[in-house]
Every structure is written in C-alpha cells, then in structure tokens.
There are 2 protein chains.
Amino acid sequence: MDWRAIKFDWNRARAFLVTAEEGSLAAAARALDMTQPTLGRQVAALEQEIGVDLFNRRGRGLELTPNGMKLVEHVRAMGDAANRFSLSATGKSDIIEGNICITTTELLATFILPPMIQKLRQSEPGIEIEIISTNDESNLNRREADIAIRSFRPSQQELIVKKLYDVKGHLYAATSYLQRLGNPNSIDELNKANFIDFEKSGRLLSLLNAQGFNLSSDNFPVITKNHNVQWELVKQGVAICGMLEEIGDNEPLVERVVVPGLVPITAKVWIVTHKELRTNRRVRRVFDFLVSEFANYQNKYDRS
Amino acid sequence: MDWRAIKFDWNRARAFLVTAEEGSLAAAARALDMTQPTLGRQVAALEQEIGVDLFNRRGRGLELTPNGMKLVEHVRAMGDAANRFSLSATGKSDIIEGNICITTTELLATFILPPMIQKLRQSEPGIEIEIISTNDESNLNRREADIAIRSFRPSQQELIVKKLYDVKGHLYAATSYLQRLGNPNSIDELNKANFIDFEKSGRLLSLLNAQGFNLSSDNFPVITKNHNVQWELVKQGVAICGMLEEIGDNEPLVERVVVPGLVPITAKVWIVTHKELRTNRRVRRVFDFLVSEFANYQNKYDRS
DNA sequence: CATCAGGTATACATAATTGTATGGATTGGC
DNA sequence: GCCAATCCATACAATTATGTATACCTGATG
C-alpha cells in the first residue's frame with residue numbers, strides 16, 4: 001500500500017478545521033490552547049502545500065473560499081472520526097488519574113454540586129474535576145463534557161441516562177418585598193408582582209400562566225439567565241423567582257410565596273454520559289459517585 | 001463549541017494508522033518517509049496520552065492489542081477522510097509546478113514512455129514526473145498514483161478513463177534460436193519451443209493454447225514478471241516471448257515468429273485518472289499531453 | 001545452535017515547530 | 001471621525017520534535 005495522500009501534516013488539517021469552524025485564527029488558537037501565530041502558520045503551510053487558497057484574509061477574521069468550503073467537508077469528516085477515536089480511546093483507558101469534565105446547570109453547579117465535588121476530591125485526589133456551568137444543552141457526542149447533569153433527557157443517541165433525583169421548587173421572595181406587595185394571598189394579587197425570568201421567550205411566564213396566572217412581559221422587568229444573579233436580586237427584594245425548595249427554605253432573607261392554587265414546580269434531573277465513556281474507570285467512578293451522592297441528598301432532604 | 005476531543009496530536013493518529021496497517025514501525029517509517037524512532041515515539045506518545053496500549057511489542061514487528069484493533073477503525077476513518085481531502089485538494093490546486101506520479105506497465109514504461117516524458121519535461125519543466133513501473137494494479141482512489149496507463153479498464157468508480165491506443169504484439173525470437181529450432185513452420189513445430197511467461201499461472205500459456213498450441217509448463221523454463229529481463233533473454237536466444245510489434249520489429253537481433261494460424265496479440269491501452277484530479281491543472285496537462293502523444297505515436301506507427 | 005535479517009529502544013546533535021512580543025490593519029461604536 | 005477592540009503577520013528566543021548512530025532483542029534458517 002502506498003500512502004502518498006496521507007503523508008501531509010494532519011495537524012494542519014486540524015488547524016484548518018478549527019479555524020474554519022471558529023471563524024478566526026485567534027478563536028481557533030483559544031479553542032486548541034495554542035497561539036494565533038502557530039495556527040496561522042499551520043493554515044498557511046497547508047494552503048501552500050496543497051496549492052489551494054482556503055481562506056480570504058479579511059480585516060475581521062477569515063472567510064472560507066469556495067474551494068475551502070468544499071475541502072472543509074473532508075477535514076470535518078476527519079474531525080468526526082477523531083472525535084470517535086478520542087471517545088472510544090477514553091472509554092478503553094483504565095488509568096484513574098486525569099481530568100473529568102462535568103457540565104450542568106448553574107443552579108446545580110452553584111448550590112448542590114460543590115460539597116459533592118469536595119468529597120469526591122478527597123476520596124479520589126487523582127481525578128481532576130472541571131465544571132462547565134451553563135444552561136445550554138451540550139453535545140456529549142463531541143465530548144464537550146464527559147458527564148452532563150441536566151433536567152431533561154437528551155435526545156442524542158449513544159448516551160447512557162440515569163435519573164438522579166426529583167427536584168421540587170417554589171416561588172420565593174424577600175420578606176420585605178412581600179410586605180411591600182401587601183402580603184398577597186391569591187394568585188390574582190400576585191399578578192401585579194414582578195418576577196425574574198431566564199430569557200425573553202418567558203419560560204417562567206408560560207409556566208405560571210398555565211397555573212392560572214395572568215402575567216405579561218410587564219411583570220418581568222429583569223431578565224437574566226444567571227441563576228446566581230436571579231437569587232441575589234430576589235434576596236435584595238427586587239422581584240420573585242423560582243428556586244429549589246431546599247435552597248430557598250434555608251435562606252433566611254426570603255420565604256416561600258404561598259397562595260391557594262399555586263402548586264410546586266417539579267422536574268426530574270438526569271445524569272448522562274456517553275456510552276463509550278461508561279467503560280472508562282475514571283468516568284465510571286465519578287458517574288457512580290454522583291449517582292450515590294444524589295441518592296443520599298434526596299433521602300436526607302426527604303426525611304427532613 | 002468545545003474541542004476537547006480534537007486537541008490530541010493528529011499526526012500521532014496517522015502514525016498509529018500507518019503502523020497498524022504496515023505491521024511494524026520500520027515499515028511505517030519507510031511508508032511515510034520518516035524514521036523508525038520518530039514513529040515509535042509518536043505511537044508511544046499516543047498510547048500514553050490516551051492511556052491505552054495499542055500494540056504488543058513483539059520481537060518481530062508490532063501486534064495490535066484488542067483495544068488497538070477497535071481503535072484503529074476510527075483512525076482508519078480519519079485516514080479515509082484524509083485521503084478524500086488530499087484527493088479533492090489536489091483537484092482544486094491550480095499551481096502547475098509539482099510532482100505527478102504515473103504508474104504503468106514495465107513494457108510501456110521502458111519502451112514507449114521515456115521519449116514522451118522527455119518531451120513533456122521540456123515543455124513543462126515545472127512538472128516533475130515520477131514513474132512507477134509495475135504490472136500490479138494500483139489503486140487510484142488511494143492516490144498511489146495520479147495517472148495510470150493500463151491495458152484494462154479499471155473497475156473502480158470515480159475514475160476517468162480514456163482509450164489511448166490499440167497495441168499489437170507478436171511472438172519474437174532471436175534468429176539464432178529459430179535456427180536451432182529448425183526454423184519452425186507450423187504451430188505444431190513450435191510446441192517443442194521454450195517460451196517466457198509472466199507468472200506461474202501462465203497467462204501466455206493459456207493465450208497460445210487458445211490459438212491451437214499444445215503447451216505445458218515444460219515449455220516455460222523461465223518465468224519473470226520483468227519485461228526487460230524477458231526481452232534480454234529473448235535477444236540472447238533463450239526462448240520466445242511476446243513483444244510489442246513496433247519494438248520487436250526494430251530489434252535486429254530478433255525476428256517475428258511467423259507460422260500459419262498464429263494471429264497477432266492485441267490489446268487496448270487505457271489512461272486513467274481520478275475524477276477529482278481531472279480538474280487539477282497539472283494533472284490535466286500531463287493527461288492531455290499523454291493522450292495527444294499516444295495519438296501521434298499510433299498514427300506514426302500505422303503509417304509506417 | 002550459531003548466524004543473520006529485520007525490528008525496537010536509547011543517546012545525542014540537529015532541525016523544525018512553537019510561543020512571546022510587537023507592529024499594522026480593519027471593524028464597530030460613540 | 002476618532003477610539004477601542006479585535007485580528008493577522010512578522011522577528012526572535014525557547015522549546016520540542018526529528019534524524020543519525022548504535023545497542024539490543026527476537027525469530028527464521030541452515
């Protein structure tokens with residue numbers, strides 16, 4: 001067999017791929033933990049090697065040429081295969097030391113995960129933990145994380161999913177704020193209150209209106225995706241927001257908003273990992289640990 | 001987007017792939033024009049990076065571990081994509097300078113191609129030519145060559161095929177050898193002659209027996225795939241072999257074996273290139289040049 | 001059982017790649 | 001129309017990967 005077509009520097013293909021996807025050399029360099037000159041040189045070397053202009057240098061970032069757009073398909077295929085390789089390789093590794101990346105919501109990352117991670121670090125000092133706190137869905141097939149903890153069952157195939165616990169939440173407000181509202185005693189009275197939503201589309205809005213509220217966007221003067229910010233605003237008496245029962249009940253500055261007809265918010269929390277990774281000792285250790293910790297957490301809370 | 005899974009050194013994946021396919025680090029190094037220590041270090045680094053043993057070091061060569069066998073599937077996919085990338089990239093290149101690899105039979109490479117290449121080199125000094133002279137079928141999809149000139153239509157898809165010329169051949173023998181045989185005048189008399197075949201399976205044998213000969217393997221005391229060797233043996237009066245009409249007729253040491261009922265050997269010669277390469281200026285230049293040269297060649301010979 | 005061919009691993013010098021620092025250029029906002 | 005931010009290209013130093021030479025190992029062969 002001959003390998004003429006394979007002799008080229010594959011790292012240059014990688015540089016091409018990431019640069020094309022990220023849109024600029026600088027962004028690609030950040031993504032790959034390299035420097036912009038390095039990426040620039042790799043891409044330039046690839047262009048010279050194959051004799052094809054891949055990008056048009058524009059003031060702001062780079063732009064794929066028509067040829068580049070066709071060729072990026074192939075390096076994307078390489079990247080997909082590289083992903084599968086990496087995924088499968090990690091699954092077959094049996095060394096316990098190393099990095100584990102967990103992605104979860106800001107709520108869980110802030111209020112629930114930290115003590116668990118502390119405990120895990122003590123029992124497994126060789127495992128380094130990286131937590132990506134984002135409310136965006138992440139793609140485990142691309143190994144954006146090893147383990148995800150989400151409040152929905154992911155749609156992707158090839159994943160292992162397990163229910164962690166049933167989360168229960170309520171509306172909370174600062175005592176001072178409720179007093180200012182005149183201690184509302186019905187849903188109707190709450191219709192003039194202010195709430196904090198995650199996004200303009202109004203997730204909380206539609207949830208509450210489904211329960212008999214009659215809210216409009218006027219009731220949501222503050223919008224932030226960041227749960228911590230939400231919570232601080234509520235503690236300061238700015239508005240009302242939803243919060244996990246166990247967190248809200250333990251915060252002295254706030255109290256549950258209790259009116260007839262208002263039912264608790266419930267959701268399920270799932271832990272997810274890629275099928276391939278389940279066979280990795282390190283991933284399995286963390287996965288099982290979290291499952292067990294969340295079981296303890298739920299039991300402890302249910303009893304109290 | 002995150003690129004955790006893609007950050008690893010892709011050249012190490014390439015080293016893994018070629019080593020697995022070739023069976024040893026040394027062979028892989030030869031295939032990639034690198035040195036064995038380099039390949040060894042790359043593979044070792046990959047093994048350490050992913051924490052998986054890919055090969056068992058054995059005295060003679062390396063042997064894939066079970067994990068390695070599974071993982072090589074993915075790097076093979078990377079390699080296939082790399083192939084497609086390379087193929088497509090070369091097709092989109094518009095620089096005329098560079099290397100072109102032509103594979104053809106020993107016969108054509110020795111007797112017909114050289115003057116054409118000489119002429120091409122003069123008109124296109126920027127194009128470097130590499131000629132692979134082998135009677136084995138080569139795989140253009142894997143870019144073992146850019147252009148192939150063969151006496152059969154290749155079965156592979158994605159190829160561009162064009163008939164170059166009709167080749168005519170005869171049996172030739174040294175005058176001295178024919179005298180020793182008593183200047184045979186019939187096929188029957190030739191049945192006691194010696195011939196030279198390409199391989200043990202007996203391509204020439206079956207060809208001649210189909211024409212009324214009654215030959216066995218005893219008639220083929222010398223077997224060599226190498227046409228040059230065949231031809232030299234014939235000139236020395238060792239045996240009879242087939243040869244292109246225009247070459248044989250111009251060789252004073254030999255003469256056509258002419259007996260009643262013996263018909264010329266005919267075949268078609270095809271030029272082949274990959275579809276993607278046809279759009280490459282360099283390949284197209286050489287391709288078109290060869291088509292035109294072979295047309296001239298056939299005309300010139302037909303008139304004489 | 002000795003020899004030889006082919007293969008792998010290591011030491012060291014060399015070559016190539018990478019990072020740092022910096023200049024120049026373009027875009028978007030005020 | 002200017003300023004700030006962002007990005008690309010280049011010079012030089014530091015790091016890293018590579019090749020050469022060589023020792024050592026294994027399996028085939030006579």
Side-chain angles (χ1 to χ4, degrees), chain A residues 1 3-4 6-65 67-69 72 75 82, chain B residues 1 3-4 6-65 67-69 71-72 75 78 82:
Chain A
M1 173 142 26
W3 300 92
R4 304 176 71 231
I6 279 189
K7 275 191 202 168
F8 71 93
D9 191 323
W10 283 18
N11 284 334
R12 292 176 180 170
R14 182 188 56 177
F16 171 37
L17 169 63
V18 179
T19 304
E21 299 282 3
E22 294 287 330
S24 81
L25 293 171
R30 282 192 297 271
L32 290 175
D33 284 335
M34 296 202 268
T35 58
Q36 169 265 319
T38 299
L39 267 291
R41 279 181 296 234
Q42 288 189 347
V43 170
L46 180 63
E47 286 181 313
Q48 180 163 10
E49 185 175 4
I50 65 178
V52 179
D53 283 343
L54 299 171
F55 295 102
N56 286 323
R57 267 68 177 173
R58 310 196 57 218
R60 189 70 146 235
L62 302 187
E63 188 182 63
L64 278 171
T65 61
N67 281 338
M69 292 183 68
V72 79
V75 291
Chain B
M1 173 141 25
W3 300 92
R4 304 176 68 229
I6 280 188
K7 275 191 201 168
F8 71 94
D9 191 324
W10 283 17
N11 284 333
R12 292 176 180 169
R14 182 188 57 177
F16 171 37
L17 169 62
V18 180
T19 304
E21 299 282 4
E22 293 288 332
S24 81
L25 293 172
R30 282 192 297 271
L32 289 176
D33 284 335
M34 295 202 268
T35 59
Q36 168 264 318
T38 299
L39 267 290
R41 278 180 297 234
Q42 287 188 348
V43 170
L46 180 63
E47 288 181 311
Q48 180 164 8
E49 186 176 3
I50 65 177
V52 179
D53 283 342
L54 299 171
F55 295 103
N56 287 322
R57 268 68 176 172
R58 309 195 56 217
R60 188 68 148 239
L62 302 187
E63 187 182 63
L64 278 171
T65 60
N67 279 338
M69 292 183 67
L71 288 172
V72 79
V75 292
M78 284 185 78

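In the text below, chain A, chain B and the rest are named by the order of the sequence lines, each starting its count at 1. We use all heavy atoms of the structure for the numbers below, so side chains are in, but hydrogens, waters and symmetry mates are not. The structure displayed is predicted, hence computed values, not measured ones.
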Side chain proximity check, [X] to [Y], heavy atoms < 4.5 angstrom:
X	Y	answer
B:Leu17	A:Trp10	yes
B:Lys7	A:Asp33	yes
A:Glu63	A:Phe55	no
A:Arg12	A:Val43	no
A:Gln42	A:Phe16	no
B:Leu71	B:Ile50	yes

| query | So, is B:Arg30 close to the C:dG6 phosphate, meaning a side-chain N or O under 4.0 Å from OP1 or OP2? | reply | no
| request: Kindly indicate, with the supporting measurements, whether the criterion side chain to side chain contact (heavy atoms under 4.5 Å, CB included) is fulfilled by A:Val52 and A:Glu47. | output: CA-CA 5 Å; A:Val52 179; A:Glu47 286 181 313; over 6 Å; no
Calculate the interatomic distance between [X] atom [atom1] and [N] atom [atom2]; express it in whole Å.
X	N	atom1	atom2	result
A:Asn11	D:dA17	CG	P	11 Å
A:Leu25	C:dT18	CG	P	14 Å
A:Glu49	C:dT17	CD	P	11 Å
A:Glu47	D:dC8	CD	C1'	13 Å
B:Asp9	C:dT18	CG	C1'	13 Å

| query | Using a heavy-atom distance cut-off of less than 4.0 Å, which residues of residues 32-45 of chain A contact DNA chain D? | reply | A:Gln36, A:Pro37, A:Arg41
| query | Do B:Asn67 and B:Asp53 meet the criterion of a side-chain donor-acceptor pair at a distance under 3.5 Å? | reply | no
| field | Relative orientation of the end axes in the helix from C:dC1-D:dG30 to C:dC30-D:dG1, expressed as an angle to the nearest 10° (five pairs per end) | value | 40°
